[in-house]
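One structure is given below, encoded as structure tokens.
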Amino acid sequence: MALVTTKEMFKKAFEGHYAIGAFNINNMEIIQGVVRAAKSQNSAVILQVSKSALKYANPLYLKGMVDAAVAETGIDIALHLDHGPDLETVKECIDAGFTSVMFDGSHYDYEENVAKTKEVVEYAHAHGVVVEAELGKLAGVEDDVKVDAANATYTDPDQAVDFVKRTGVDSLAIAIGTSHGAYKFKGEAKLDFDRLEKITEKLEAEGIHNFPIVLHGASSVDQASVETCNQYGGQINGAKGMPAEMLRKAASMAVCKINMDTDLRLAMTAAIRKSFAENPSAFDPRGYCGAARDYIQEIVTKKIQEALGSVDSMK
Ligand code: G3H
Ligand code: 13P
Ligand code: ZN
């Protein structure tokens, strides 16, 4: 068994009207929590690493642990660079053995995004690695860059078609209402499903069939995790995320990859806060890190069943 790319995963996901979960990893407990959940549901999974996670954990350590996860579980796992900022980081990850990379040029003007993405695609494809790009701007915070709601822009369907044709990307992250972080909506959650449908229709009309769309900023901000954090000394107020039913609807359309990080952060923090409060005399990290790992497994299992629909995608 070896790491796989997302090609086959997305083909099956598109045809089967479900999505593969892409979970951000930073350490062993998160990796084990996520892959144990995926294994228990017989589901393929994407483990993704941001630039700041690369800096925190070192790509060699992450790749080593992910290889161990592949060997232990036998499920299809892709190792993906999340929000790659430049060709240099993309090359670093491809050299380290990643099977998928994202180049995020969404903050550049359109022509510059096209040119830089194309360069990444040429390099990655020459090395057997697939590429995700982004068009449109999500609100929220990622890698210390904050985009406020007023500066977020939804993806233009005609531009999306032009972008895919000119860059040769394998999948495209679009902006239709999700945002990064724990504060996604003040009022009702809303997603522009019409725009998603239009993008697929226009791609199909140009002969680009079953093209996989990616949804970033898709954590549900599970209220049980938030409440547990707050019950045990946290101060997380007004946090709100994407309802699972809306994600499931997007997954039944062209969305083949759904990104979640915030939910894992909340789960880990909730479990550790609870463990500290309930066991004040304990000081073995395996106790509280183990509790965090178990809770992540529980949360990810629910996501696979309710939001992604990827149960038995390994069949
Ligand atoms: O979309 C961004 C992810 O949540 C990664 O966040 O850069 O703090 O690791 P990070
Ligand atoms: P969340 O902040 O909603 O978890 O989104 C994570 C993400 O998009 C990673 O790329
Ligand atoms: Zn993202």
Side-chain angles (χ1 to χ4, degrees), residues 6 19-27 30-31 33-34 45-59 61-62 78-86 89 93 98 100-107 131-149 152 155 171-185 189-191 212-223 225-226 229 236 238-244 246-247 250-251 255-270 296 299-300 302-303 307-308:
T6 53
I20 302 293
F23 299 95
N24 286 74
I25 55 164
N26 301 288
N27 63 24
I30 300 175
I31 294 170
V34 171
V45 74
I46 298 165
L47 300 177
Q48 59 185 12
V49 181
S50 69
K51 173 95 181 166
S52 40
L54 287 173
K55 193 168 157 211
Y56 174 77
N58 183 323
Y61 282 76
L62 293 168
L79 179 56
H80 173 77
L81 166 66
D82 187 31
H83 294 285
D86 46 41
T89 312
C93 289
F98 283 42
S100 172
V101 291
M102 175 191 193
F103 171 69
D104 181 0
S106 60
H107 51 287
V131 180
E132 171 188 329
E134 181 166 327
L135 193 61
K137 281 194 190 75
L138 268 69
V141 188
E142 89 212 17
D143 264 340
D144 300 329
V145 178
K146 190 172 188 312
V147 179
D148 58 34
T155 308
S171 61
L172 184 67
I174 59 166
I176 54 167
T178 57
S179 60
H180 290 106
Y183 305 92
K184 301 192 192 298
F185 301 101
K190 253 173 89 177
L191 265 195
I213 299 295
V214 178
L215 217 51
H216 281 245
S219 278
S220 294
V221 187
D222 301 305
Q223 290 308 300
S225 298
V226 173
C229 283
I236 302 166
K240 201 166 176 191
M242 288 301 311
M246 290 179 100
L247 296 174
V255 170
C256 294
K257 172 174 180 273
I258 294 188
N259 286 13
M260 301 177 206
D261 183 11
T262 298
D263 280 338
L264 304 186
R265 296 178 181 201
L266 287 168
M268 183 148 200
T269 306
I296 286 174
I299 294 279
V300 172
K302 243 168 97 181
K303 308 243 167 251
L308 300 160

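Counting starts at 1 for both ligands and their atoms, in listed order. Predicted, not measured: the structure shown is a model, and the values here were computed from it.
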Which option wins on minimum heavy-atom distance to atom 7 (C) of ligand 2: Met242, His180, Arg265? His180

What atoms in ligand 1 come closer than 4.0 Å to a heavy atom of Asn24? 3 (C), 5 (C)

How would you list, by chain and number, every residue that makes a side-chain contact (heavy atoms from CB on, under 4.5 Å) with Asp222, sequence neighbours excluded? Ser220, Ser225, Asp263, Ile299, Lys303

Numbered atoms and elements of ligand 2 in range of His83, under 4.0 angstrom, heavy atoms: 10 (O)

Pick whichever of Asp82, Asp104, Asp261 has a heavy atom sitting closest to atom 10 (O) of ligand 2. Asp82

I'd like to know whether Val34 forms a side chain to side chain contact (heavy atoms under 4.5 Å, CB included) with Leu264, so could you lay out the CA-CA distance, the side-chain angles of the two residues, the decisive distance to 0.1 Å, and finally the verdict. CA-CA 9 Å; Val34 171; Leu264 304 186; 4.1 Å; yes

Which atoms of ligand 1 have any heavy atom of His83 under 4.0 Å away? 1 (O), 2 (C)

What are the atoms of ligand 2, with element, lying closer than 4.0 Å to any heavy atom of Gln48? 9 (C), 10 (O)

Would you check whether Met260 has a nitrogen or oxygen atom less than 3.5 angstrom from a nitrogen or oxygen atom of ligand 2? no

Stepwise side chain to side chain contact (heavy atoms under 4.5 Å, CB included) check, Tyr183 with Ile236: CA-CA 10 Å; Tyr183 305 92; Ile236 302 166; 3.7 Å; yes

Do any nitrogen or oxygen atoms of Thr262 lie less than 3.5 angstrom from nitrogen or oxygen atoms of ligand 2? yes

Is a side-chain donor or acceptor of Thr155 paired with a backbone partner of Ala175 at a separation under 3.5 angstrom? yes

Is there a nitrogen or oxygen of Asn24 sitting under 3.5 Å from a nitrogen or oxygen of ligand 2? no

For His216, atoms of ligand 2 separated by under 4.0 Å from a heavy atom: 8 (O), 10 (O)

Closest to atom 6 (O) of ligand 1 among Met260, Gln48, Lys51, Arg265 (heavy-atom distance): Arg265

Lys184 side chain vs Met242 backbone, donor-acceptor pair below 3.5 Å: no

Evaluation steps, side chain to side chain contact (heavy atoms under 4.5 Å, CB included), between Thr6 and Ile20: CA-CA 9 Å; Thr6 53; Ile20 302 293; over 6 Å; no

With respect to the Zn ion (ligand 3), what is the nearest N, O or S atom of His83? NE2

Taking all atoms of both residues into account, what is the closest heavy-atom pair of Leu308 and Ile258, and its distance? CD2-CB, 3.7 Å

His216 atom (N/O/S) at minimal separation from the Zn ion (ligand 3): ND1

Identify the two heavy atoms, one from Ala267 and one from Ile296, that lie closest to each other, and give their separation to 0.1 Å. CB-CG1, 4.2 Å

Going by the order shown, which atoms of ligand 1 are within less than 4.0 Å of some heavy atom of Ser52? 7 (O), 8 (O), 9 (O), 10 (P)

Would one find more than 12 heavy atoms of other residues, nucleotides or ligands at under 6.0 Å from atom NZ of Lys302? no

With atom 1 (O) of ligand 1 as the reference point, say which of Met102, His216, His180 has the nearest heavy atom. His180

Numbering as shown, the atoms of ligand 2 that approach Lys184 to under 4.0 Å (heavy-atom distance): 1 (P), 2 (O), 3 (O)

side-chain contact (heavy atoms from CB on, under 4.5 Å) against Asn259, all qualifying residues, sequence neighbours excluded: Ala22, Gln48, Asp82, Val214, His216, Lys257

Quick test of your reading of the structure: of Ala218, Gly217, Ala173, whose heavy atom lies closest to atom 8 (O) of ligand 2? Gly217

Check whether any side-chain N or O of Gln223 sits under 3.5 Å from a backbone N or O of Lys240 as a donor-acceptor pair, and report yes or no. no

Could you list the atoms of ligand 1 found under 4.0 angstrom from a heavy atom of Asp261? 3 (C), 4 (O), 5 (C), 6 (O)

